[in-house]
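Heavy atoms only: backbone and side chains are in, while hydrogens, waters and symmetry mates are out.
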Amino acid sequence: MKRVKHCQSQECVDGIKARLDKYYDFFFIDEVQDFAGHDFNLLLNILPDRCETICVGDFFQHTYDTSLDGNVRTSLYKKLRSYIKEWERAGITVDMNSLAKTRRCSPEICGFVEQMGIAIESTGEANGSVFFVDEEMACEGIINNPSIPKLFLRDSGKFYCAGLNWGASKGMDRFKDVCVVLNKSSFDLYKKGKLSELNPQTKNRLYVACTRAHRHLYIMSYKWLEKYKNLNE
């Protein structure tokens, strides 16, 4: 079977742009923050000249790459300002205000997220609070309540309480309350009030996990969950 090479010639790019301009009035792209490597380069190259282009995304929800291409665009998501400049150079006006407020999360949850150095506002339509879970609270009901997902940085499958990984919760919108389990390094920074010092990838995943909550956000130390590990681990 013959392998088909991706077309990267200017002729190919021009052909895609011409078809977009000919057949469409609008060109929409959602979750644009996931484009990486050659995919990001291709996206910038095929942006149409005449039909209106709207790209929607959240820089701090970059937890997934559409492609891993060695040394291509490895620093793209290191700094927000640099990322914005890439779009501006491509002729795209970056709007940081129209979708700045979340309807899902309460002002209290947004305030917690801002401790990570991530700007987020609430419309005020949601009511909810942020609670730190001590051992007694954990044992009394949160861990054993299947309606409250326990979100882990990784290895959620090692625990028999209802759990997901932080990154895997991205896009989910069905939870009233969420319990975010902090691993040791994240918990230590949380106690010091220095969550903004988390490495960017971990911070983005934590931000995604915290903003799944429509109502209450429970913050829990990994220490309370050791006895809930699966017996075969």
Side-chain angles (χ1 to χ4, degrees), residues 31-37 39-40 57-84 86 100 102 104-105 108-121 130-133 138 142-143 148-159 161-173 175 177-213 216-226 228-229 233:
E31 302 289 357
V32 75
Q33 79 282 343
D34 291 336
F35 281 77
D39 289 349
F40 184 80
D58 183 341
F59 177 83
F60 294 106
Q61 285 198 38
H62 175 71
T63 61
Y64 163 82
D65 288 331
T66 55
S67 61
L68 298 172
D69 301 314
N71 294 322
V72 179
R73 294 284 190 178
T74 55
S75 62
L76 181 62
Y77 290 100
K78 286 188 176 178
K79 292 183 179 179
L80 176 59
R81 187 59 236 168
S82 300
Y83 181 73
I84 290 173
E86 292 291 340
T102 171
R104 181 192 299 127
C105 301
E108 289 78 9
I109 292 177
C110 291
F112 180 79
V113 169
E114 287 185 328
Q115 293 179 36
M116 304 177 207
I118 297 174
I120 182 173
E121 298 177 58
V130 180
F131 301 97
F132 174 73
V133 179
I142 292 175
I143 290 175
I148 302 177
K150 270 58 72 175
L151 305 183
F152 300 78
L153 173 59
R154 59 177 66 89
D155 296 330
S156 61
K158 291 184 177 181
F159 299 85
C161 52
L164 292 167
N165 289 344
W166 293 351
S169 69
K170 183 177 177 179
M172 294 185 175
D173 192 38
F175 306 125
D177 303 326
V178 165
C179 178
V180 172
V181 181
L182 298 180
N183 64 326
K184 186 178 187 312
S185 58
S186 300
F187 184 63
D188 289 344
L189 289 173
Y190 167 73
K191 288 192 297 183
K192 297 173 184 176
K194 295 182 177 181
L195 283 175
S196 61
E197 296 181 9
L198 284 167
N199 74 65
Q201 188 178 52
T202 302
K203 184 193 301 183
N204 290 359
R205 290 174 178 172
L206 178 57
Y207 160 54
V208 165
C210 291
T211 52
R212 296 311 93 200
H216 300 317
L217 170 62
Y218 298 98
I219 302 298
M220 181 186 293
S221 167
Y222 67 98
K223 293 186 295 184
W224 310 142
L225 289 163
E226 288 299 315
Y228 293 90
K229 280 189 174 181
E233 290 296 333

Check whether any side-chain heavy atom of N204 lies under 4.5 Å from a side-chain heavy atom of Q61, and answer yes or no. no
Report, as yes or no, whether the 6.0 Å neighbourhood of atom CG on N71 holds more than 12 heavy atoms from other residues, nucleotides or ligands. no
Test item: D65 side-chain N/O and S67 main-chain N/O as donor-acceptor pair under 3.5 Å: no
Do the charged groups of K184 and D188 touch, with an N to O distance under 4.0 Å? yes
Can you tell me how far CG of L153 sits from CG of N183, rounded to the nearest 0.5 angstrom? 5.0 Å
State whether the side chain of N165 and the backbone N or O of S156 hold a donor-acceptor pair below 3.5 Å, judged by distance alone. yes
Taking atom NZ of K170 and atom OH of Y64, what is their separation to the nearest 0.5 Å? 9.0 Å
Residue pair F175 / L164, side-chain heavy-atom distance below 4.5 Å: yes
Do I219 and V130 touch side chain to side chain, with heavy atoms closer than 4.5 Å? yes
F60 and L80, any side-chain heavy atoms less than 4.5 Å apart: yes
Return yes if some donor-acceptor pair links the side-chain N/O of S186 with the main-chain N/O of L182 below 3.5 Å, else return no. no
According to the interplanar angle, ranging from 0 to 90°, do the rings of Y190 and F132 count as parallel (below 30°), tilted (30 to 60°) or perpendicular (above 60°)? parallel
Which heavy atom of R205 sits nearest a heavy atom of W166, and at what distance? O-CB, 3.4 Å
Please report the closest heavy-atom contact between S196 and G117, naming both atoms and the distance. CB-N, 4.1 Å
So which heavy atom on C210 is nearest to which on M116, and how close? SG-CE, 3.9 Å
Please report the closest heavy-atom contact between R212 and M172, naming both atoms and the distance. NH1-O, 3.0 Å
Under a 3.5 Å distance rule, please check whether W224 uses its side chain to pair with a backbone N or O of I143 as donor and acceptor. no
Correct closest heavy-atom pair for I142 and K150 would be O-NZ, 2.9 Å
Got L225 and F152 here, is their nearest side-chain heavy-atom distance under 4.5 Å? yes
May I ask you to test the F112-Y207 pair for a side-chain heavy-atom distance under 4.5 Å? no
Could you label the plane-to-plane angle of the Y77 and F59 rings as parallel, tilted or perpendicular, counting under 30° as parallel and over 60° as perpendicular? tilted
Assess whether a salt bridge exists between R73 and E86, defined as any Lys/Arg side-chain N lying under 4.0 Å from an Asp/Glu carboxylate O. yes
Which atoms form the tightest heavy-atom contact between D34 and H62, and what is the distance? CA-ND1, 4.2 Å
Do the non-hydrogen side-chain atoms of L151 and V178 ever get within less than 4.5 Å of each other? yes
Within this structure, what is the CD-OG1 distance for the pair Q33 and T66, rounded to the nearest 0.5 Å? 10.5 Å
Does the side chain to side chain contact (heavy atoms under 4.5 Å, CB included) test come out yes or no for V180 and L206, once each step is laid out? CA-CA 8 Å; V180 172; L206 178 57; 3.5 Å; yes
I'd like to know if D173 and R104 make a salt bridge, using a cut-off of under 4.0 Å between side-chain N and carboxylate O. yes
Within the structure provided, determine whether F40 and L76 are in side-chain contact (heavy-atom separation under 4.5 Å). yes
Of I118, V208, L195, which meets side chain to side chain contact (heavy atoms under 4.5 Å, CB included) against K203? I118
